[in-house]
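Every chain is numbered from 1 and lettered A, B, ... according to where its sequence line falls, protein lines coming before strand lines. If you're wondering where the values come from, they're calculated on a predicted model, not measured in any experiment.
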Amino acid sequence: MAATAADSAAPTISAADTTTHLADLKHDAIASEIEIGNLTINESNNKFFHDPESSNIKTITSGDTPYVSAFTFEELNLLPELLKGLYVEMKYEKPSKIQAISLPMILNPPYLDLIAQAHNGSGKTACFTLGMLSRIDPKLKAPQAFCICPTRELAIQNLEVLRKMGKYSGITSECAIRAGFGNEFHKVKEQSIRPPITSQIVIGTPGTIIHRIRANKLSLSYLKILVLDEADHMLAEDGFKGDSVDIMSKIRCVNPQCQVLFFSATFNETVKEFAAKIVKGNHNQLFVKKEELSLQSVKQYKVNCPDELAKVMVIKDRILEFGERVGQTIIFVRTRNSAITLHRTLVEIGYDVTTIQGALKQEDRDKIVKEFKDGLTQVLISTDLLARGFDQDQVNLVINYDLPVKHNHPTEPDCEVYMHRIGRAGRFGRKGAVFNLLCGDADEKIMTKIEKHFGTEIAEVPDWRNEEDFVVALRSAGLL
DNA sequence: AAAAAAT
């Protein structure tokens, strides 16, 4: 990739010595914005692929450490085994923007806490994965890094990335997610007689991590780094706030110096404030304006449908008719029941899909995800189970069968979930399209609120019955 | 029953 002007003027993020109070953040008194080159693109032969627009990430440092963004992985002084993992296994060439900015902050002493926001599909996972791998003392066979995630699927996916990246490092890792439920006594029992965890990196869901800590099967004594993936959800009142705080305070008791990293594409004001409160005094922050969070490469559409059947018809005869040619599709629904019903309806009219939701047995969930990731299935119906973090390159279409709404305020959109859902398409700068299926005034109002929140105009597909309208939409998204 | 999560 051609070097930009910004490349030569290696930006030093100026050290700020002031406090980290929110008032300061608001005044941008200690903020310095930096500009660096575009994301590195690895698969330029992909026809659904283009250079994502350069995005602004606002950097706020505290303490007196100056950071220089890394334009190459070599500058990060990584162990050769890790560099090999990045180049050979991950097929990375250069750090993406968020990686260039955050990795120096993560990897260099004094290992400050970090609150980091970056666009969906921009390479956040690699940031904290590399962070965990680099900070492990290979000789010490004890847990030194935790990563907690909101779903089991995400924990499994993150472990897969970590093992790939760390393939030559010899660092040990495992998932801490619940294996057996209710009547699967043998599995539950298996876990209760398990020996203590010796893996150096543990990635899991909050409940299971707490359970292992309480059972004294997961030592905190050597912990160096804690990662909260999808951090805004992990810290949300109606998310995993209680569990996350519990884990953090247990760690602080034993190990007050443990570095904490919060990563997500979204941070609403409430969560942002809370995160800034619970990190250690000196810490770093990276933020993106919500108006700049929408991916330029993913086109959003709305379709007015007279009734639920029309929504089904639109999915089958208008969108998937062409959609199947351009990649995989995820259809998001609001409830488990909605997932089951839509699945049944589509099958009834002769269209085969798979469905995932939290009420399924874990082995079925695993199988459905695997089939989809292996490309054996084209269309996947999902609840918000897969709204966050799920990474599948080939997903070019997202359909919101139901719009995401706040559970205690059904007339209000859940803008964060909306952003995460549409972020399942357009991974790493690929092109994609989102179709929001609206039915009635209430839906239209919610859609308008979403548009206002992100300051984006969502194009309307004029007529749900007109095939040509959808062809135009997909073509304009760059998919046909 | 919002969904997720050792609920």
For this session: May I ask you to evaluate whether A/Arg214 reaches the phosphate of B/dA6, defined as a side-chain N or O under 4.0 Å from OP1 or OP2?
Result: no
Problem set entry | B/dA5 OP1/OP2 closer than 4.0 Å to side-chain N/O of A/Thr151 | no
Problem set entry | Any residue meeting ring-ring contact (aromatic ring centres under 6.0 Å, His included) with A/Phe372, in chain and number order, not counting sequence neighbours | none
Exercise. When all nucleic acid strands are considered with a 4.0 Å heavy-atom cut-off, which category describes A/Pro206: base, sugar-phosphate, or nothing?
Worked result: nothing
Problem set entry | Length of the line joining A/Lys241:NZ and B/dA3:P, which is rounded to integer Å | 23 Å
Problem set entry | Partners passing salt bridge (Lys or Arg N to Asp or Glu O under 4.0 Å) against A/Arg318 (at least two apart in sequence or in another chain) | none
Problem set entry | Rounded interatomic separation in angstrom, taking CZ from A/Arg365 and C1' from B/dA4 | 8 Å
For this session: Considering only atom C1', compute the distance from B/dT7 to B/dA2 and round it to an integer number of Å.
Result: 15 Å
Exercise. Is the distance from OP1 or OP2 of B/dT7 to the nearest side-chain N or O of A/Arg178 less than 4.0 Å?
Worked result: no
Exercise. What about A/Asp414: does its side chain form a donor-acceptor pair under 3.5 Å with the base of B/dA2?
Worked result: no
Exercise. When the distance from CZ of A/Phe240 to C1' of B/dA5 is rounded to whole Å, what number comes out?
Worked result: 4 Å
For this session: Please collect all ring pair (Phe, Tyr, Trp, His ring centres under 6.0 Å) contacts where either partner lies in residues 437-460 of chain A, sequence neighbours excluded, each pair once.
Result: none
Exercise. Please give, in whole Å, the distance from B/dA4 C1' to A/Glu237 CD?
Worked result: 16 Å
Exercise. A/His420 has an atom NE2; how far is it from atom C1' of B/dA3, in whole Å?
Worked result: 14 Å
For this session: Could you check how far CD of A/Glu153 sits from P of B/dA3, rounded to whole Å?
Result: 15 Å
Could you give the side-chain donor-acceptor pairs of residues 251-259 of chain A under 3.5 Å, partners two or more places apart or in another chain?
| residue | atom | partner | partner atom | Å |
| --- | --- | --- | --- | --- |
| A/Arg252 | NH1 | A/Ile278 | O | 3.2 |
| A/Arg252 | NH2 | A/Ile278 | O | 3.4 |
| A/Asn255 | ND2 | A/Leu220 | O | 3.1 |
| A/Asn255 | ND2 | A/Ser221 | O | 3.4 |
| A/Asn255 | ND2 | A/Leu223 | O | 2.9 |
| A/Gln259 | OE1 | A/Arg135 | NH1 | 2.8 |
| A/Gln259 | NE2 | A/Ile106 | O | 3.3 |
| A/Gln259 | NE2 | A/Leu112 | O | 3.0 |

For this session: For DNA chain B, find the residues of residues 379-388 of chain A with a heavy-atom distance under 4.0 Å and give them by number; none if there aren't any.
Result: A/Thr383, A/Leu385
Exercise. OP1, OP2 of B/dA6 versus side-chain N and O of A/Thr208: anything below 4.0 Å?
Worked result: yes
Exercise. Taking atom C1' of B/dA5 as reference, at what distance in whole Å does atom CG of A/Asp238 sit?
Worked result: 13 Å
Problem set entry | By ring-ring contact (aromatic ring centres under 6.0 Å, His included) - contacts of A/Phe263 (at least two apart) | A/Phe128
Seminar exercise, completed: A/Gln357 CD to B/dA5 P, in whole Å, measures 11 Å
Problem set entry | Geometric class of the A/Tyr301/A/Phe435 ring pair [parallel <30°, tilted 30-60°, perpendicular >60°] | parallel
Exercise. Between A/Lys449 and A/Glu412, is there a side-chain N and carboxylate O pair less than 4.0 Å apart?
Worked result: yes
